[in-house]
Amino acid sequence: MPEGHTIHRLAADHRDRFADRPVRATSPQGKFADSAALIDGKVLETAEAHGKHLFLGFEGAQWVHIHLGLFGKYTWGAGQAPPATATVRLRLAAPDAYADLRGPTTCALITDAEKQAIHDRLGPDPLRAGDDRGKAWQRISRSRTTVAALLMDQKIVAGVGNVYRAEVLFRHGIDPYRPGRDLTRSEWDAIWSDLVVLMHEGVRNNRIDTVRPEHTPEAMGRPPRVDDHGGEVYVYRRTGQPCHICGGMIRTAGLAARNLFWCADCQTA
DNA sequence: AGCTCATGGCGAG
DNA sequence: TCGCCCTGAGCTG
């Protein structure tokens, strides 16, 4: 489930369980073994997220940089950790809690300067207080690229993935193929503000819900949604099903190697 | 057992 | 734009 809300939640979970304590670090899978040995037993001082990037700060100004990619996943446990299975890239453990990381695209020990370079190439993040929506607007308003592609570009907005992209465009009635430069400033402001709210709710609930109260299954008298991604959504992975609002058929199309979902009847602006 | 697909992103051409 | 990396679930046979 790795969009930005997942990563910010993971940062908070690391702080809650491990901050200010020494943690054991191992890499049963092996690829991070040398680096794990360097931080093993060190105090975890902080954990933060920028977009889909997670940074675990250990004493001595060393950072573990984690990016889950498409497959990466954390499993958490309480108490003494059981023997790890062979795919665990990184296990962090305290006496009363442990975290297992599997399948990340990136898990690497980096310096302050390397961390800063990652921040520098990421756009503003709706989940980082004080991040400037205007920076994203500067690029969007000058681009001929479709707004759907721009929203997925982490240099422009950090943390939005395929679900939030599809859902926020639906919520604002915006045709995903509209060029960025045809967006108005007030449309962008509304999208950004909506992302701030939706993604904070995503952090809180650890899942993506985007359906307004008046369109929930209970309110609409339709059966509850059952989808393995867990949240209640308007268009994501609902290809061929009727739109919750207009009843039109949800469409899908490939865009930048990902599936795009939208309602062509509602998203005309 | 083997295929396909998934909430990502990178580098080569 | 394509191939590739990482893992696991849910099919198909």
Side-chain angles (χ1 to χ4, degrees), chain A residues 1-11 27-33 35-36 49-55 64-76 84-91 99-108 110 114 117-123 125-127 145-146 148-171 176 195 198-211 225-240 250 252-262:
Chain A
M1 350 167 159
E3 295 196 23
H5 70 300
T6 302
I7 314 307
H8 282 261
R9 173 62 178 254
L10 285 170
S27 179
Q29 182 249 17
K31 281 193 185 175
F32 191 66
S35 298
H50 186 164
K52 300 168 188 170
H53 297 257
L54 176 64
F55 303 97
V64 176
H65 172 218
I66 291 162
H67 195 295
L68 296 183
L70 198 49
F71 311 136
K73 195 172 289 181
Y74 263 95
T75 53
W76 294 85
T85 57
T87 56
V88 175
R89 179 79 60 87
L90 171 62
R91 165 173 282 183
D100 284 346
L101 168 64
R102 291 181 173 83
T105 289
T106 302
C107 178
I110 62 171
E114 289 167 324
I118 294 165
H119 290 299
D120 290 346
R121 66 176 162 78
L122 291 172
D125 177 347
L127 289 174
T145 304
T146 63
L150 291 168
L151 278 176
M152 291 280 282
D153 184 340
Q154 303 297 299
K155 297 188 293 298
I156 294 178
V157 189
V160 172
N162 208 17
V163 184
Y164 283 121
R165 174 262 291 267
E167 294 298 309
V168 81
L169 289 175
F170 178 88
R171 283 168 61 96
L195 286 170
L198 290 174
M199 293 176 76
H200 274 103
E201 199 182 314
V203 174
R204 204 160 47 243
N205 300 331
N206 219 358
R207 58 181 232 180
I208 298 178
D209 294 288
T210 61
V211 175
R225 169 175 179 66
V226 181
D227 182 290
D228 55 17
H229 88 280
E232 189 69 29
V233 292
Y234 284 108
V235 293
Y236 175 69
R237 277 205 315 210
R238 296 196 59 245
T239 310
I250 303 302
T252 186
L255 192 146
R258 311 301 298 283
N259 291 318
L260 170 67
F261 304 89
W262 82 109

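Keep in mind that what you see is a predicted model, and the values were worked out from it rather than measured. Below, each value reflects all heavy atoms present in this structure, side chains not excepted, and no hydrogens, waters or symmetry copies. The chains referred to below are lettered A, B, ... by the order of the sequence lines, with proteins before strands, and numbering in each begins at 1.
- Nucleotide B/dG9 holds its P atom 4 Å from the NZ atom of A/Lys52, rounded to whole Å.
- Looking only at side-chain heavy atoms (C-beta outward), A/His8 and A/Leu127 come within less than 4.5 Å of each other.
- Contact annotation: A/Thr105 side-chain N/O to B/dC10 OP1/OP2 distance is not under 4.0 Å.
- The distance from atom CE of A/Met152 to atom P of B/dG9 is 7 Å, rounded to the nearest whole Å.
- Contacts of A/Asn205 classified as side chain to side chain donor-acceptor pair (under 3.5 Å), with partners at least two apart in sequence or in another chain: none.
- The side chain of A/Lys73 places no N or O atom within less than 4.0 Å of a non-bridging phosphate oxygen (OP1 or OP2) of C/dT7.
- Rounded to whole Å, the C1' atom of B/dT7 lies 22 Å from the corresponding atom of C/dT1.
- Across all strands, A/Arg121 comes closer than 4.0 Å only to sugar-phosphate atoms, never to a base (heavy-atom distances).
- Note on A/Asn259: a side-chain N or O is less than 4.0 Å away from OP1 or OP2 of B/dA6.
- Using a 4.5 Å cut-off on side-chain heavy atoms (C-beta onward), A/Thr210 and A/Phe170 make no contact.
- Considering only side-chain N and O atoms, A/Tyr236 lies under 4.0 angstrom from the phosphate OP1 or OP2 of B/dT7.
- Side-chain N/O atoms of A/His67 include one lying less than 4.0 angstrom from OP1 or OP2 on B/dG9.
- Listed pair A/Lys31 / C/dC6 meets the phosphate criterion, a side-chain N or O lying under 4.0 Å from OP1 or OP2.
- Looking only at distances, a side-chain donor or acceptor of A/Arg9 sits under 3.5 Å from a matching main-chain atom of A/Val203.
- For the P atoms, the distance from B/dG13 to C/dC5 is 15 Å, rounded to whole Å.
- Looking only at atom types and distance, the side chain of A/Arg102 has a donor-acceptor partner in the side chain of A/Thr87 under 3.5 Å away.
- A close approach under 4.0 Å does occur between a side-chain nitrogen or oxygen of A/Arg258 and OP1 or OP2 of B/dT7.
- Regarding A/Leu195, its CG atom lies at a distance of 14 Å from the C1' atom of B/dT7, rounded to whole Å.
- Atom NE2 in A/His53 sits about 17 Å away from atom P in B/dT7, given to the nearest Å.
- Relative orientation of the A/His65 and A/Phe55 rings is parallel, given thresholds of 30° and 60° on the angle between their planes.
- Once the 5.5 Å centre distance and the 30° plane angle are applied, the aromatic ring of A/Phe71 is found not to be stacked with the base of C/dC6.
- In this entry the distance linking CZ of A/Phe261 with C1' of B/dA6 reads 10 Å, nearest Å.
- OP1 or OP2 of C/dC6 has not a single side-chain nitrogen or oxygen of A/Gln29 nearer than 4.0 Å.
- Atom-to-atom, CG of A/Asp209 to C1' of B/dT7 comes out at 14 Å; the value is rounded to the nearest Å.
- The distance between atom CG of A/Leu70 and atom P of C/dC4, rounded to the nearest whole Å, is 17 Å.
- Taking atom P in both C/dG13 and B/dC5, the straight-line distance is 14 Å, to the nearest Å.
- The phosphate of C/dG8 has OP1 or OP2 within less than 4.0 Å of a side-chain N or O from A/Arg102.
- With P as the reference atom, C/dG8 and B/dC10 are 23 Å apart, rounded to whole Å.
- One atom, CG of A/Leu151, and another, P of B/dG9, lie 13 Å apart when rounded to the nearest Å.
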